[in-house]
Amino acid sequence: MLEKTYQPAAIEPRIAALWEHADAFAVARPERREADATPYTIVIPPPNVTGSLHMGHALNNTLQDILCRFERMRGCDVLWQPGMDHAGIATQMVVERQLADRQEPDRRAMGRDAFLERVWRWKEESGGTIGGQLRRLGASCDWSRERFTMDEGLSRAVLRVSVELYREGLIYKDKRLVNWDPKFQTAISDLEVENGEVDGHMWHFKYPLAGGETYEYVEKNEAGDVILRETRDYISIATTRPETMLGDGAVAVHPDDTRYAPIVGKLCEIPVGPKAQRRLIPIITDEYPDPAFGSGAVKITGAHDFNDYAVARRNAIPMYRLMDDVAAMRVDGDAYADEAAKAAALVEAGGTPDAAAVDAINLVPDAYRGLDRFEARKRVVADIDADGLMIGVEKKLIMQPFGDRSGVVIEPMLTDQWFCDAATLAKPAIEAVESGETTFVPKVWEKTYFEWMRNIQPWCISRQLWWGHRIPAWYGPDGEIFVAFDEAEAVSMAQAHYGETRTLTRDEDVLDTWFSSALWPFSTLGWPDDTDILKRHYKTDVLVTGFDIIFFWVARMMMMGLHFKREVPFHTVYIHALVRDEKGAKMSKSKGNVMNPLDIIEGVERDTLIEKRVSSLTNKADAKRITKATRADYPDGIAAYGADALRFTLAIMAAQGRDVKLSIARVEGYRNFATKLWNASRFAEMNEAVSDAAFDPAAVTQTLNRWIVGETERTALSVTAALEGYRFNEAAAATYQFVWGVFCDWYLELIKPILNGDDEAAKRETRACVAWTLDQTLALLHPFMPFVTEELWQRTGEAGNGRAAPLALSTWPTLAGLQDEAADVEIGWVIALVEEVRSVRDEMKVPAGAKVPLVLVSADKAVQQRATRYEPILTRLARLDDLKFAKAAPKGSAQFLVGETSVALPLEGLIDMAAERTRLAREIEKAQAEIAKIDGKLTNEAFMAKAPEAVIEENRERRVEFNLTVERLGAALERLKAASE
RNA sequence: GGGCGCGUAGCUCAGCGGUAGAGCACUACGUUGACAUCGUAGGGGUCACUGGUUCGAUCCCAGUCGCGCCCACCA
């Protein structure tokens with residue numbers, strides 16, 4: 001016997017165990033392989049080992065699970081490939097912090113091997129959290145195949161890819177300006193930089209001309225009139241980063257800027273550092289400066305600014321690195337005076353100075369050496385000001401780059417790094433989407449993909465970290481590079497190169513985490529080995545992910561998949577929305593607006609939940625009521641909605657192209673939905689509605705049953721179509737509407753007289769039909785609500801002791817030929833009649849408990865028969881005590897129309913006839929308004945000439961209906977008036 | 001500066017060239033043996049604004065106003 005309410009917390013873990021025991025999610029189950037089932041494959045976006053389940057994961061994995069369960073039930077050989085990502089920076093950060101917290105030696109003190117051992121240990125101990133949480137959510141992954149980006153097989157794939165790309169010239173080493181994270185002391189890619197607006201300053205300084213030279217500075221307005229003319233002995237330079245002035249290599253002005261034409265080619269002085277030794281830099285022309293911005297003159301600091309870097313390269317301006325790995329001012333090298341002299345000598349020598357030689361020069365004045373860059377900035381500004389060379393300073397919002405993980409300001413730094421030639425790899429990846437080989441859903445995201453891919457920059461793939469795949473490069477004593485599968489191969493390559501044995505040192509760096517993620521769709525399936533699974537399941541089917549990692553991950557999987565497998569990694573990329581808080585903000589720990597899925601599933605202390613619910617509301621009155629309601633709901637102090645409720649909420653809110661703003665009220669509503677389903681099953685159980693294998697829905701005889709099997713078919717069709725089109729919200733809504741609005745609200749109510757009646761044959765058929773419909777319903781709902789449906793499936797089996805196969809492995813409803821128009825019309829009539837009676841009763845303030853008589857006026861034979869047939873139902877649902885037929889409505893009746901039949905409720909004495917007159921008048925008025933609208937159309941020549949026939953016909957029909965309403969109710973009203981006079 | 005998206009019921013959101021929908025909230029009534037995590041009925045919307053296309057626009061087009069996001073080198 002089913003309990004009165006559904007208790008998810010008690011049931012869900014048991015069901016999870018049942019699936020595990022049945023090995024329900026394993027790929028290549030024998031019966032599927034025997035049946036030569038179509039493979040269906042999804043690779044999970046691997047969560048970070050450091051991670052725990054957040055709402056984005058919950059949405060992402062719910063959608064994948066819906067697809068997997070759907071296709072599994074449709075008979076596919078489903079592989080949902082799970083696994084985790086080693087998340088280089090994030091994980092290394094966690095372990096380093098742990099060391100710090102425990103006051104243990106830091107990683108440098110420990111050494112590389114000991115540190116890595118430590119990270120592995122940490123990974124083994126606590127890296128599995130998210131896997132368990134995904135299982136808790138119901139994710140039907142083949143957990144036996146779980147992979148990790150750092151495991152042996154995947155590492156082999158990374159090695160293979162690295163070496164091959166290098167040998168093809170698609171990976172190379174270069175000294176370039178990169179984004180440097182001073183906190184983690186590593187380079188990061190452009191994508192890992194987040195630009196943010198912050199309050200800053202823009203300082204304006206004088207760069208005095210060399211030798212005290214002067215020039216006429218003339219400024220004109222747009223009309224060409226001179227608005228300023230003065231003699232200057234300086235050029236005005238604006239900067240937001242004064243500390244980088246120390247590395248200036250030139251000042252640039254636009255070639256067309258007449259203001260500075262007199263001084264182009266001359267030298268000016270960087271106004272900072274010991275006076276006697278200040279460096280002189282040339283004033284050059286370049287297209288880059290915008291004459292309309294600031295003074296129109298720009299200082300060029302090639303080693304610390306991306307724009308300047310480009311200008312410096314174009315003009316062979318030396319790029320002086322000023323900072324060290326932690327973005328403190330350099331301390332290496334000789335005294336400033338000597339270093340400045342070296343720099344001057346290099347410039348004197350002319351030509352393009354050797355990059356390494358320039359990089360070795362430390363142009364930080366002795367007084368600033370070792371200072372943090374921001375402290376250095378203050379000192380530089382103060383010193384220039386003290387010198388009288390500051391023109392002014394303005395407060396300004398400036399865009400600053402931050403490390404997405406570290407949160408610190410990123411410093412452009414000139415370093416040696418490994419790069420991947422993304423532009424070359426991107427070409428086929430662009431073509432594959434252009435040709436439709438891979439499609440994005442929704443399609444708008446293809447624009448984003450193209451935009452980025454067509455402007456793709458070299459991908460910096462080296463990281464100065466320890467946790468990750470070490471770059472397979474070895475260096476000879478002269479810096480010669482040997483990229484090889486292992487050290488032995490590198491040694492023999494070196495042997496061949498040098499003609500003798502030399503000592504090699506391995507590159508210290510590791511690869512960007514996303515480099516290994518890019519291989520995920522084939523590395524997890526066994527590549528580089530040509531495994532059966534790989535053959536069968538690559539390409540995969542759908543990739544389900546959020547738009548925030550289209551660049552990070554999707555684009556790169558496309559590139560690598562096409563390059564190494566010569567085939568796209570998936571035919572469809574389903575991009576879902578982000579789960580946001582009520583204000584539409586991304587949920588994040590730092591904002592404190594995170595709702596934890598497990599809190600919702602398993603329950604949290606009531607007060608916490610109330611707090612969360614209230615904080616998710618903007619309306620104070622609602623907040624108050626909810627607080628009250630929640631307290632009442634959870635007397636034990638724990639509120640648990642279950643995984644099904646959360647999943648259903650996410651699915652039904654996941655409309656394409658729109659963010660999900662999660663509300664607890666919704667989750668609660670769908671928890672109630674699970675309870676509703678539970679109770680419908682309970683009703684079935686109480687009425688001995690037991691699944692009957694011999695039941696044939698096409699052979700039912702009772703009209704009610706013919707109707708519900710048709711409705712079931714309709715629902716199955718629309719759920720199937722919606723899922724095939726990735727319209728998760730429509731699919732979920734269709735099940736909801738059917739279960740609650742059709743099956744529970746009407747079918748179960750309508751059959752009660754049969755179940756309680758004496759017609760054994762009808763009763764037998766109806767019981768079987770209830771069980772059948774419920775089974776179909778459980779199947780249709782299973783992808784969305786796997787736990788409660790599986791539980792009910794198990795408990796409503798023939799013996800009530802479970803069934804041979806879990807619902808997860810049972811068959812998706814593929815129904816056809818069950819719709820019956822006559823049944824639809826008949827049941828539709830019954831429903832309409834009940835609804836009308838209820839409505840009129842309520843409006844006429846007939847007490848809910850009172851039973852009333854009902855008279856069908858001038859009903860034809862067919863209607864009379866129908867009414868008689870459904871009398872028990874009508875009596876029950878409309879609370880009637882008598883059903884009669886008459887030629888005219890009895891005196892003092894309330895009247896309405898159902899179809900073409902006039903219906904009267906003789907309620908004289910019970911109701912206020914004046915109110916009834918008002919009601920009728922209002923109904924008539926409404927109908928007349930509609931008629932007027934329709935007539936407007938039907939008398940419009942243009943409409944009649946151009947509108948489709950079907951639309952015209954529809955309007956004519958509606959016109960007839962409303963006319964009937966006006967006539968009949970009009971007559972009724974007249975009689976009422978006459979009677980009251 | 002480019003690009004994308006969004007303004008529909010109190011809230012959160014579907015929808016869509018021809019009667020405007022859901023969940024929650026709200027109002028009234030209801031201890032009708034599946035379910036009060038419920039039932040019945042109801043109130044509530046010039047579908048942001050302005051033009052245009054069309055027989056017909058919430059829907060298509062253009063513009064305006066608000067809001068959000070992504071990308072971008074303005075010193």
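We name chains A, B, ... by the order of the sequence lines, and we start the count at 1 in each one. What you see below is based on every heavy atom in this structure, not just the backbone, and it leaves out hydrogens, waters and symmetry mates.
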Inset, instruction - Answer yes or no: is there a side-chain heavy-atom contact under 4.5 Å between Arg314(A) and Tyr309(A)? - result: no
Please give the distance between the [atom1] atoms of [N] and [M] as a whole number of Å.
{"N": "rG68(B)", "M": "rC29(B)", "atom1": "P", "answer": "43 Å"}
{"N": "rG44(B)", "M": "rG30(B)", "atom1": "C1'", "answer": "23 Å"}
{"N": "rU8(B)", "M": "rG21(B)", "atom1": "C1'", "answer": "10 Å"}
{"N": "rU40(B)", "M": "rU31(B)", "atom1": "C1'", "answer": "15 Å"}
{"N": "rG42(B)", "M": "rC47(B)", "atom1": "C1'", "answer": "22 Å"}
{"N": "rC65(B)", "M": "rC11(B)", "atom1": "C1'", "answer": "24 Å"}
{"N": "rG39(B)", "M": "rA9(B)", "atom1": "C1'", "answer": "23 Å"}

For atom [atom1] of [X] and atom [atom2] of [N], their distance in whole Å:
{"X": "Glu668(A)", "N": "rC38(B)", "atom1": "CD", "atom2": "P", "value": "9 Å"}
{"X": "Arg666(A)", "N": "rU37(B)", "atom1": "CZ", "atom2": "C1'", "value": "17 Å"}
{"X": "Met653(A)", "N": "rC6(B)", "atom1": "CE", "atom2": "P", "value": "17 Å"}
{"X": "Asp404(A)", "N": "rC70(B)", "atom1": "CG", "atom2": "C1'", "value": "15 Å"}
{"X": "Tyr736(A)", "N": "rC13(B)", "atom1": "OH", "atom2": "C1'", "value": "14 Å"}
{"X": "Phe551(A)", "N": "rC69(B)", "atom1": "CZ", "atom2": "P", "value": "16 Å"}
{"X": "Ile652(A)", "N": "rG15(B)", "atom1": "CD1", "atom2": "P", "value": "12 Å"}
{"X": "Glu836(A)", "N": "rU40(B)", "atom1": "CD", "atom2": "C1'", "value": "14 Å"}

Using a cutoff of under 3.5 Å, can you pull out all pairs of nitrogen or oxygen atoms linking the protein to nucleotides 30-34 of chain B, with atom names and distances?
unit_1  : atom_1 : unit_2    : atom_2 : d
rA34(B) : OP1    : Lys752(A) : NZ     : 3.2
rA34(B) : O3'    : Arg682(A) : NH1    : 3.4
rA34(B) : O2'    : Asn679(A) : OD1    : 2.9
rA34(B) : O2'    : Arg682(A) : NH1    : 2.8
rA34(B) : N7     : Lys752(A) : NZ     : 3.3
rA34(B) : N6     : Cys744(A) : O      : 3.3
rA34(B) : N6     : Glu749(A) : OE2    : 3.1
rA34(B) : N3     : Asn679(A) : O      : 3.0
rA34(B) : N3     : Ala680(A) : N      : 3.4

Inset, instruction - Report the residue (Phe962(A) or Val444(A)) whose heavy-atom-nearest nucleotide on RNA chain B is the more 5′ of the two. - result: Val444(A)
Legend entry - More than 12 heavy atoms from other groups under 6.0 Å of CD on Glu953(A): yes
Using a 3.5 Å cut-off and no angle test, enumerate the donor-acceptor pairs between side-chain atoms of residues 646-653 of chain A and protein atoms at least two apart in sequence or in another chain.
unit_1    : atom_1 : unit_2    : atom_2 : d
Arg647(A) : NE     : Phe784(A) : O      : 3.1
Arg647(A) : NH1    : Asp65(A)  : OD2    : 2.8
Arg647(A) : NH1    : Leu137(A) : O      : 3.0
Arg647(A) : NH2    : Asp65(A)  : OD2    : 2.7
Arg647(A) : NH2    : Pro783(A) : O      : 2.7
Thr649(A) : OG1    : Ala645(A) : O      : 2.6

Legend entry - Residues that Glu916(A) engages under salt bridge (charged side-chain N to carboxylate O under 4.0 Å, His left out), provided they are two or more places apart: Arg919(A)
Legend entry - Sequence-distant partners of Glu446(A), salt bridge (charged side-chain N to carboxylate O under 4.0 Å, His left out), two or more places apart: Lys443(A)
Inset, instruction - Scan Lys933(A) against the nucleic acid and name what it touches under 4.0 Å (heavy atoms): base, sugar-phosphate only, or nothing. - result: nothing
Donor-acceptor contacts under 3.5 Å from residues 390-401 of chain A side chains, at least two apart:
unit_1    : atom_1 : unit_2    : atom_2 : d
Glu394(A) : OE2    : His204(A) : NE2    : 2.7

Inset, instruction - Return the minimal non-hydrogen interatomic distance between Thr285(A) and Asn315(A), and the atom names on each side. - result: O-OD1, 3.9 Å
Inset, instruction - Only counting residues at least two apart or in another chain, list the ones meeting side chain to side chain contact (heavy atoms under 4.5 Å, CB included) with Glu941(A). - result: none
Legend entry - Non-neighbouring partners of Lys845(A) that pass side chain to side chain contact (heavy atoms under 4.5 Å, CB included), sequence neighbours left out: none
Below 3.5 Å is the cut-off: list the nitrogen or oxygen pairs between protein and nucleotides 72-75 of chain B, distance only.
unit_1  : atom_1 : unit_2    : atom_2 : d
rC73(B) : O4'    : Asn307(A) : OD1    : 3.1
rC73(B) : O4'    : Asn307(A) : ND2    : 3.4
rC73(B) : O2'    : Asn307(A) : ND2    : 2.6
rC73(B) : N1     : Asn307(A) : OD1    : 2.9
rC73(B) : O2     : Asn307(A) : OD1    : 3.0
rC74(B) : N3     : Asp290(A) : OD2    : 3.4
rA75(B) : OP2    : Lys396(A) : NZ     : 2.9
rA75(B) : O2'    : Ala238(A) : O      : 2.7
rA75(B) : N6     : Asp290(A) : O      : 2.5
rA75(B) : N6     : Phe293(A) : O      : 2.6
rA75(B) : N1     : Asp290(A) : N      : 2.9

Listing, residues 732-744 of chain A side-chain donor-acceptor contacts under 3.5 Å, not counting sequence neighbours, or none:
unit_1    : atom_1 : unit_2    : atom_2 : d
Thr735(A) : OG1    : Ala732(A) : O      : 2.6

Inset, instruction - Indicate yes or no for a side-chain donor-acceptor contact from Asn679(A) to the backbone of Arg682(A) under 3.5 Å, with no hydrogens or angles considered. - result: no
Legend entry - Ring centroid separation Trp445(A) to Phe440(A) under 6.0 Å: no
Legend entry - Thr448(A) and Glu451(A): side chain donor to acceptor below 3.5 Å: no
Legend entry - Donor-acceptor pair between Lys851(A) and Thr875(A) side chains, under 3.5 angstrom: no
Inset, instruction - Using a cut-off of strictly less than 4.0 Å, decide whether Trp740(A) has a side-chain nitrogen or oxygen near OP1 or OP2 of rU37(B). - result: no
Legend entry - OP1 or OP2 of rU19(B) under 4.0 Å from side-chain N/O of Lys937(A): yes
Please tabulate the protein-to-nucleotide N/O contacts below 3.5 Å involving nucleotides 41-46 of chain B, giving atom names and distances.
unit_1  : atom_1 : unit_2    : atom_2 : d
rA41(B) : O2'    : Asp842(A) : OD2    : 3.1
rG42(B) : OP1    : Ser839(A) : OG     : 3.3

Inset, instruction - Test side-chain contact (heavy atoms from CB on, under 4.5 Å) on Tyr288(A) and Asp308(A) and set out the steps. - result: CA-CA 9 Å; Tyr288(A) 164 61; Asp308(A) 295 4; 4.1 Å; yes
Inset, instruction - Take Ile317(A) and Asp248(A) through the side-chain contact (heavy atoms from CB on, under 4.5 Å) test and state the conclusion after the steps. - result: CA-CA 9 Å; Ile317(A) 304 295; Asp248(A) 289 353; over 6 Å; no
N/O contacts under 3.5 Å, protein versus nucleotides 58-61 of chain B?
none

Legend entry - Criterion side-chain contact (heavy atoms from CB on, under 4.5 Å) on Thr244(A) and Lys299(A), from CA distance to verdict: CA-CA 9 Å; Thr244(A) 66; Lys299(A) 70 190 204 61; 2.7 Å; yes
Legend entry - Ranges pairing with ranges for RNA chain B, where each run has three or more Watson-Crick or G-U pairs under 3.5 Å: B:1-7 with B:65-71, B:10-13 with B:21-24, B:26-30 with B:38-42, B:48-52 with B:60-64
